[in-house]
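These notes concern the structure reproduced below.
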Amino acid sequence: MKPAEFNPRDYLPLNFYPWPNLVNPHLEQMGRDMESWIDNDYTFLTPEQVLKYKKMRLHACTACMWPDLTYEQTIPCNRFMLQYVVLDDQLEDLSLEEKQQQRIRCMEILNGAALLPEENAIYQHLALIRDEFRAFMPETWMQRFIRYFYLTFRYGIEVEHSYKAANQPPPSFVVYKAIREYAVLMYPYLVLGEIESGLVLPDHIIDHCVFQRMMTLMVRIIIWQNDIHSLPKELAKGTEVFNVIFVLQRQYGLSLEDACKETLRIHNADLDELLTLHKEYREFGEYQEHVDKFVYYFGLGVQGVNTFYVQETERYLPGGKGFAWPEKNTAI
């Protein structure tokens, strides 16, 4: 198989997952909100980047992943979808030290620091996200969200930096799995399902060994899904190594087609393990309903983001032509 012949839909077509495929009824208003933020707040982006972020239709990702949110609840979720995507994209070419400074400042803001006059929409919207979530979510949930933001930035964006910055070969599959669990940035998004259900899990359930394994599997399913759908974009860059398909090709000498098939096999094995673990372990007592809802809303989310990849966005177009690559005159 030649790179130009690769089609993610051959591996993960629409309605692939065993959960409903739904969309939030506030989709159109969410789109108007996001376009307004891009036009009026994200003024550090270049005109070309502005156009590309609009064509990505990231609000549709929010709407497909969290279909049961009220309009009020969609606002900070939609803000966060845009904020973390733009942050991750535009940090790509910065030094490790600069990324660390970005993380430190983001954490200060999430923990209550006031904005500085010169700070741009990355920070302005993070402060709004903090305040809007606090308006309807308990402090236990807020601290969980903030911790997951920290973990994905500190042990995802920063740890993968050396592989991207130095044009190193891909890590081994074992190392890749460990780093990518945080670099896919999924953990803070996972807990948004608790907003939909209205059932916030206590820490002792979150920390339970079985629940921790289910969360790891949820994130890994998203990893393999993202690596399949983003491959057309990453094939264009030439220097991208943080995709499991490249990792498998290098480590096992696989063709592109065989590496894609192996990625789907790994994805399906993790999905099967998650479903089996949820079905067979029913020992969460009074919190079993909470756990069931958490898994259900993850299911809606993974189905929804697949729908987003398949029919809603230009982010991963072949050749990277839909991606808002960092530009030298874009300062975050």
Side-chain angles (χ1 to χ4, degrees), residues 7-31 33-34 56-78 80-81 136-137 141 184 186-201 205 210-211 213-230 264 267-282 284 287-313 315-316:
N7 184 349
R9 296 163 184 81
D10 293 338
Y11 300 87
L12 293 173
L14 199 66
N15 298 316
F16 180 87
Y17 297 92
W19 290 283
N21 190 355
L22 306 175
V23 64
N24 194 288
H26 305 292
L27 171 69
E28 291 186 8
Q29 182 58 51
M30 292 163 69
D33 290 345
M34 190 170 286
M56 287 180 198
R57 290 177 50 81
L58 294 170
H59 70 281
C61 190
T62 314
C64 290
M65 290 185 74
W66 299 288
D68 289 347
L69 293 174
T70 66
Y71 175 63
E72 177 193 19
Q73 293 168 338
T74 70
I75 294 172
C77 296
N78 209 23
F80 184 58
M81 180 65 70
F136 56 76
M137 293 304 289
W141 185 92
V184 76
M186 188 61 194
Y187 275 108
Y189 292 104
L190 271 188
V191 297
L192 300 188
E194 292 181 292
I195 300 173
E196 284 183 296
S197 71
L199 302 174
V200 176
L201 287 160
I205 299 295
V210 172
F211 193 83
R213 179 59 182 170
M214 289 198 294
M215 288 192 73
T216 295
L217 291 165
M218 291 173 184
V219 171
R220 283 174 44 159
I221 291 163
I222 293 290
I223 292 169
W224 316 136
Q225 181 195 68
N226 179 261
D227 283 0
I228 289 171
H229 282 292
S230 66
L264 183 61
H267 168 280
N268 290 348
D270 282 345
L271 178 59
D272 288 345
E273 183 181 343
L274 172 64
L275 294 172
T276 301
L277 198 53
H278 177 235
K279 179 182 178 181
E280 294 185 1
Y281 189 86
R282 311 293 296 172
F284 290 106
Y287 293 105
Q288 187 64 57
E289 180 188 1
H290 291 58
V291 173
D292 292 345
K293 287 288 189 180
F294 195 99
V295 174
Y296 172 73
Y297 279 110
F298 163 76
L300 294 187
V302 72
Q303 184 81 280
V305 75
N306 196 59
T307 298
F308 170 73
Y309 289 141
V310 169
Q311 67 181 28
E312 293 286 355
T313 188
R315 180 172 172 82
Y316 300 115

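Count residues from 1 along the sequence. Here the structure is a predicted model, which means the values were calculated and not measured.
Rounding to the nearest 0.5 Å places CE of Met218 at 8.0 Å from CD1 of Ile221. Thr307 contributes atom OG1, which lies 10.0 Å from atom OH of Tyr17 (distance to the nearest 0.5 angstrom). Between the SG atom in Cys64 and the CD atom in Gln311 there is a gap of 7.0 Å [rounded to 0.5 Å]. Put simply, OH on Tyr189 and CE on Met81 are 5.0 Å apart, with the number rounded to the nearest 0.5 Å. With values rounded to the nearest 0.5 angstrom, Leu27 atom CG is found 9.5 Å from Thr62 atom OG1. Distance CE/Met65 to CG/Leu192: 8.0 Å, rounded to 0.5 Å.
The closest donor-acceptor contact from the side chain of Thr276 to the backbone of Glu273 lies at 3.5 Å or more, if one exists at all. Although no hydrogens or angles enter the test, the distance criterion places a donor-acceptor pair under 3.5 Å between the side chain of Gln73 and the main chain of Thr70. Between the Asn306 side chain and the Gln225 main chain, no donor and acceptor come within less than 3.5 Å of each other. Between the side chain of Gln303 and the backbone N or O of Trp19 there is at least one donor-acceptor pair closer than 3.5 Å. Between the Glu312 side chain and the Arg57 main chain, no donor and acceptor come within less than 3.5 Å of each other.
In this structure, Glu28 places its CD atom where only 12 or fewer heavy-atom neighbours from other residues, nucleotides or ligands lie under 6.0 Å away.
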Practice problem: Please test His229 against Tyr316 for ring-ring contact (aromatic ring centres under 6.0 Å, His included), starting from the C-alpha separation and ending with a verdict. | Solution: CA-CA 7 Å; His229 282 292; Tyr316 300 115; 7.9 Å; no
Practice problem: Report the C-alpha separation of Phe308 and Leu58 in whole Å, then their side-chain angles, then the decisive distance to 0.1 Å, and conclude whether the side-chain contact (heavy atoms from CB on, under 4.5 Å) test is met. | Solution: CA-CA 8 Å; Phe308 170 73; Leu58 294 170; 4.0 Å; yes
Practice problem: Begin with the C-alpha distance, continue with both residues' side-chain angles, and end with the deciding distance and a verdict on side-chain contact (heavy atoms from CB on, under 4.5 Å) for Leu199 and Tyr297. | Solution: CA-CA 11 Å; Leu199 302 174; Tyr297 279 110; over 6 Å; no
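Between Trp224 and Leu12 there is no side-chain heavy-atom pair separated by less than 4.5 Å. When side chains are defined from C-beta on, Trp66 does not count as touching Thr74, because their heavy atoms never get closer than 4.5 Å. The side-chain heavy atoms of Phe284 and Val210, taken from C-beta on, include a pair separated by under 4.5 Å. Within the 4.5 Å cutoff, the side chain of Leu300 has heavy atoms near those of the Pro67 side chain. Looking at His290 and Ile205, their side chains never come closer than 4.5 Å, going by heavy atoms from C-beta outward. By the 4.5 Å heavy-atom criterion applied to side chains, Phe298 and Met215 are not counted as neighbours. Between Val310 and Phe16 there is no side-chain heavy-atom pair separated by less than 4.5 Å. Contact check for Val200 versus Val191: no side-chain heavy atoms found under the 4.5 Å cut-off.
Under the salt bridge (charged side-chain N to carboxylate O under 4.0 Å, His left out) criterion, Asp292 pairs with Arg282, sequence neighbours left out. For Asp270, the salt bridge (charged side-chain N to carboxylate O under 4.0 Å, His left out) criterion is met by Arg220, not counting sequence neighbours. Looking at residues two or more places apart in sequence or on another chain, you find no salt bridge (charged side-chain N to carboxylate O under 4.0 Å, His left out) involving Glu196.
Nearest heavy atoms, Val305 versus Ile222: CG1-CD1, 4.1 Å.
For the residue pair Tyr309 / Asn226, a side-chain donor-acceptor distance below 3.5 Å is found, with atom types taken as modelled.
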